[in-house]
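Single-structure report; data block below.
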Amino acid sequence: MAVDESLVAWVSEALEPIGTVTIRRMMGGATLYLGGAPFAIVTSDGVLRFKADAESDALWDAAGCERFSYEFPNGRIGTMNYRRAPEDVYDDADAMREWAALGIAAGQRAPKKKPKKGKGSAGP
């Protein structure tokens with residue numbers, strides 16, 4: 001399934017007052033970034049999910065926004081700390097900015113990934 005381009009356009013439009021949203025496509029979905037920090041994903045089934053962390057989990061839980069989960073071929077269930085967006089973000093720009101702000105903050109707090117060392121790179 002392809003990324004829901006109209007959903008990505010809506011997120012970009014609603015967050016324009018905050019900054020520019022960039023996108024990186026992966027595995028049928030997309031990761032959305034603002035200011036270089038990942039703040040949301042759009043899954044291949046067209047669902048928007050915002051990044052969460054220990055600091056924001058209680059707010060997501062209170063709103064009933066479940067954690068992203070997926071099933072491995074062996075039946076094991078995996079989770080990622082992204083939460084399903086509340087329904088009002090799909091048609092209310094203020095709600096989009098409010099909930100996206102939680103994802104943006106979680107993305108900014110996340111530890112930065114260290115670059116992978118390639119073959120033949122000089123080590124210490």
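For this chain, numbers begin at 1 and follow the sequence in order. These values consider heavy atoms only, across backbone and side chains, with no hydrogens, waters or symmetry-generated copies. Bear in mind the structure is a predicted one, so any value in this text is a computation, not a measurement.
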Quick note, salt bridge (Lys or Arg N to Asp or Glu O under 4.0 Å) partners involving residues 27-39, not counting sequence neighbours, are none

So the salt bridge (Lys or Arg N to Asp or Glu O under 4.0 Å) pairs with at least one residue in residues 92-101 (sequence neighbours excluded) are Asp94-Arg97

Check whether any side-chain heavy atom of [X] lies under 4.5 Å from a side-chain heavy atom of [Y], and answer yes or no.
X	Y	value
Leu32	Leu48	yes
Val3	Glu5	yes
Thr20	Leu34	no
Phe50	Asn81	no

Return yes if some donor-acceptor pair links the side-chain N/O of Asp88 with the main-chain N/O of Ala95 below 3.5 Å, else return no. no

For the backbone of Val8 and the side chain of Ser12, can you confirm whether one donor and one acceptor N or O come within less than 3.5 Å of each other? yes

Cluster companions of Tyr33 among Ile, Leu, Val, Met, Phe, Trp, Tyr (side-chain spacing under 4.5 Å): none

Selection residues 86-107 - residue pairs positive for ring-ring contact (aromatic ring centres under 6.0 Å, His included), sequence neighbours left out: Trp60-Trp99

Holding to salt bridge (charged side-chain N to carboxylate O under 4.0 Å, His left out), I want the full list of residues that pass it with [X], two or more places apart in sequence or in another chain.
X	answer
Glu66	Arg84
Asp57	Arg67, Arg83
Asp53	Arg109
Glu16	none

What pairs with Tyr70 under ring-ring contact (aromatic ring centres under 6.0 Å, His included), at least two apart in sequence or on another chain? Phe68, Phe72

At their closest point, which heavy atom of [X] faces which heavy atom of [Y], and how far apart are they?
X	Y	answer
Pro86	Cys65	CG-SG, 3.7 Å
Lys51	Ala106	O-CB, 3.8 Å
Leu7	Gly46	CD2-O, 3.6 Å

Under the side-chain hydrogen bond (donor to acceptor under 3.5 Å, both in side chains) rule, collect the residues that match up with [X], sequence neighbours excluded.
X	value
Ser6	Asp4
Asp91	none
Arg24	none

Determine whether [X] and [Y] fall in the same hydrophobic cluster, where Ile, Leu, Val, Met, Phe, Trp and Tyr are linked whenever their side-chain heavy atoms lie under 4.5 Å apart.
X	Y	result
Tyr82	Ile23	no
Trp10	Ile18	yes
Val89	Ile41	no

